[in-house]
2 protein chains.
Amino acid sequence: MESSSSANPPTTDSKTEPKKAKVADKITVTEVAAEAGVSISAVSRAFNPNASCSEKMKQKVFAAADKLDYRPNRLARGLKSNSSLIGILMTDFENPAYLSILDDFTTAIQQRNCHSLLINASQQMSIAEAVELVMQYHVDGLIVTSATLPQALIDACQAQNTPVVIFGRHSAESIATVVCSDNVANGRMAADLLLDAGYQRPAFVGGTVAASTTTDRQRGFIGRLIERGCEHWFCVEGGRHSYDAGFDATCKLFNSADKPDSIFYVDDIMACGGMDAIRYELGLRVPEDIGVIGVDDIRLAHSRAYSLTTIRQPFTDMVNTTVEALFEHIQDPTLEARQITVPCSLITRNSTRAAKKN
Amino acid sequence: MESSSSANPPTTDSKTEPKKAKVADKITVTEVAAEAGVSISAVSRAFNPNASCSEKMKQKVFAAADKLDYRPNRLARGLKSNSSLIGILMTDFENPAYLSILDDFTTAIQQRNCHSLLINASQQMSIAEAVELVMQYHVDGLIVTSATLPQALIDACQAQNTPVVIFGRHSAESIATVVCSDNVANGRMAADLLLDAGYQRPAFVGGTVAASTTTDRQRGFIGRLIERGCEHWFCVEGGRHSYDAGFDATCKLFNSADKPDSIFYVDDIMACGGMDAIRYELGLRVPEDIGVIGVDDIRLAHSRAYSLTTIRQPFTDMVNTTVEALFEHIQDPTLEARQITVPCSLITRNSTRAAKKN
DNA sequence: CTGAAAGCGCTTACAG
DNA sequence: CTGAAAGCGCTTACAG
């Protein structure tokens, strides 16, 4: 008998001696089940919203879990059910717009009790590697904010039934759900604003080559210029989406004898770089000599130093719509891909002349 | 015998009939092992760098894996070995510096074949919730870039032996490894520059209340002013790290009869907001009327619109050092916490007057 | 509603 | 170097 193994009567000393340093790690369902005096299945169910479990059982389990400081292991959970991980593929780390976009994305994802695996596809990492990654972690869904669409990635996801939603890009060839603004319309809006203000020799400055944002906005812009009888226009590509790219492209634009009198930049950060080139490098005035309009409405656009006329993309709404759509696809894998277009609005500030009365 | 089961002689037709749609999903070690004709242990070893496995075996396994388009499941792997997930805790989504910092972090982490779980602790999410998260995904390590140090999180990580490295903040109370610049020295540097240029009534504009960056830079700055006999100085706090916070704090500073003649901002984005307040709201000239200096050297600091004198933090180096240190801690859990201080350099641009000859 | 048992896809001592 | 087997921590039919 156990009680006879001790020659001395129990004292308080024997009770207060350290319990083998109480190795706190490795609290799993097993420990919680033991503590609560229930089965491990019951513990699992208590932590699973849509599993049948009595209130009384939950009480017992949670009490034990709290006492033991238990946290379910998401990795183990992900093995049978979903990982609660959402992949965010990003390439545009130079455009400050993406910092607030990322803020919005992570917030929306966390509100749904999921978490963000941020994949940087801007540098060394090839799309093929990104595919590996997303697949290996069995993300529940993928958000693509890449400037150029990684079709291989999207195909791979769909082959594995991983829903993907594309943010901010049009995609005719892809069968994934897309949330973006009508970039052709945005281009037309810019053309109208410049022409209405009396500018006569507009230029377009693009970003990433072959990105749909650049091609669509350019198409809308130039198309509308021609429609309204403006035959004298310019085009140049910055290649990237940064202040410096905008600055350099602008200098290039003014490098020939034939110069523009207004510029539509594919985004605000390039427009800021461009404005500085115009004002400080070329010594011209904005908006008197040169009118400037961008797209996005980043924080800097309403700074006093730039006060940039721009076409506002409602990023927070777009992000929420994107996340919403992604979770719908996760819930119902049979849902068909759709194209969600959000409306943009013109924000007139001081980088363009006021429209002429007609 | 199988061949007798068919009444008709085999034709090409029977060979080309669809193989039950070839359900491609669920390729696991088992399938690869079968295809390669080896054990599943062998497959596992082939994919594990530090496991003994012959070249010949690897060839066989990889051939089979390629054929089947197999990808190891990181979630399952994480159950026994490490998750290859690194948590990045971030709060500062208004300061553009953090976009390039994030670019650098994700790049460095991906180069080490790990991936980034981005945790947004800026809004609704309490530190307690962040703790849950990090623990639940069993991240191999955690990087904290939070303005104020979430001591509870750090304690929780250490209780579970999860290494954590703190980026950009000093921390006397914490026992975690820290990578930051010498913020007190930075404050002194700013004070010297302003005094040397002949400014006599310097002000300090802080950011997040109680953040070590603000308190340390302020301490160094004011301390040095006093040391050099400057008795007339000002202090104000912006509360956040944004253009608008800098703008508003500056207006407040000039709201009384007693006004400063130069301002040291806790970071560049606030300095930009401040410069615009000075130039466009208050109608004063920079640097003639008011000298301005910031910290960070963000992209905007060297724009022509701001041309901001600043104290450059070598972010890319700091990030790489942080990731390096984190992986050292992961490799060797017995490693002691250390404080790594990186040197900053003064970048003189046009927002301050040139130093007076003495 | 609850428990026993099998299984998720991998890794890792343990023998050979 | 290789294979059989146990185990990582959870979930989920299947009975009761």
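Here the structure is a predicted model, which means the values were calculated and not measured. Throughout, protein chains are lettered first and strands after them, A, B, ... in sequence-line order, and every chain is numbered starting at 1.
With sequence neighbours left out, the side chain to side chain contact (heavy atoms under 4.5 Å, CB included) criterion links Q59(B) to E55(B). Evaluation of the side chain to side chain donor-acceptor pair (under 3.5 Å) rule for T106(B) yields N120(A) as partners, not counting sequence neighbours. Under the ring pair (Phe, Tyr, Trp, His ring centres under 6.0 Å) criterion, F47(A) pairs with F62(A), Y70(A), sequence neighbours left out. Among residues two or more places apart in sequence or in another chain, the side chain to side chain donor-acceptor pair (under 3.5 Å) test is passed with D155(A) by Q151(A). Judged as a side chain to side chain donor-acceptor pair (under 3.5 Å), and not counting sequence neighbours, the contacts of S83(B) are D140(B). The side chain to side chain contact (heavy atoms under 4.5 Å, CB included) check on E336(A) picks up nothing, with sequence neighbours excluded. For T334(B), the side chain to side chain donor-acceptor pair (under 3.5 Å) test picks out D332(B), with sequence neighbours left out.
Summarising the geometry, the separation between CD1 on I40(A) and C1' on dC1(C) is reported as 17 Å, rounded to the nearest angstrom. Atom CG of L79(B) and atom P of dT11(C) are 11 Å apart (whole Å). Rounded to an integer number of Å, the gap from CZ of R74(B) to P of dT11(C) is 10 Å. Here dG9(D) presents its C1' atom at 18 Å from CZ of R77(B), a figure rounded to the nearest Å. Atom P of nucleotide dT2(C) and atom CD of Q59(A) are separated by 12 Å, given to the nearest angstrom. The OH-P distance, from Y70(B) to dG9(C), rounds to 10 Å in whole Å. In this structure, K58(A) places its NZ atom 9 Å from P of dC1(C), rounding to the nearest Å. Whole-Å rounding puts the L68(A) CG to dG9(D) C1' distance at 15 Å.
Note on S39(B): a side-chain N or O is less than 4.0 Å away from OP1 or OP2 of dG3(D). Between dC8(D) and N73(A), no contact under 4.0 Å exists linking OP1 or OP2 to a side-chain N or O. Between dT2(C) and S41(A), no contact under 4.0 Å exists linking OP1 or OP2 to a side-chain N or O. When the side-chain nitrogen and oxygen atoms of Y137(B) are compared with OP1 and OP2 of dG9(D), none of them lie within a distance under 4.0 Å.
Closest to the side chain of M57(A), out of dG3(C), dT12(D), dC10(C), is dG3(C). Nearest nucleotide to the side chain of N48(B), out of dC10(C), dG3(C), dT11(C): dT11(C). Of all nucleotides listed (dG3(D), dC10(C), dT11(D)), dG3(D) comes nearest to the side chain of V38(B).
Both key distances under 3.5 Å define a Watson-Crick or G-U pair, and stretches of 3 or more such consecutive pairs in DNA chain D run C:1-3 with D:14-16, C:5-12 with D:5-12, C:14-16 with D:1-3.
In this pair, F167(B) and F315(B) present their aromatic rings tilted. The plane angle is within the 30 to 60° band.
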Please list each protein N or O that sits under 3.5 Å from an N or O in nucleotides 14-16 of chain C, with the distance.
none

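Using a 4.0 Å heavy-atom criterion, one finds that S44(B) contacts the bases of the nucleic acid, with or without backbone contacts as well. Residue contacts for S52(A): at a heavy-atom cut-off of 4.0 Å it reaches a base atom on one of the strands shown. Among the atoms of the strands shown, only primed sugar atoms or phosphate atoms (P, OP1, OP2) are found under 4.0 Å from some heavy atom of S54(A).
No side-chain donor from either of T321(B) and E324(B) sits under 3.5 Å from a side-chain acceptor of the other.
The residue among E55(B) and K80(B) whose nearest nucleotide of DNA chain D lies closer to the 5′ end is E55(B).
With contacts defined as side-chain heavy-atom distances shorter than 4.5 Å, the pair V144(B)/V164(B) qualifies.
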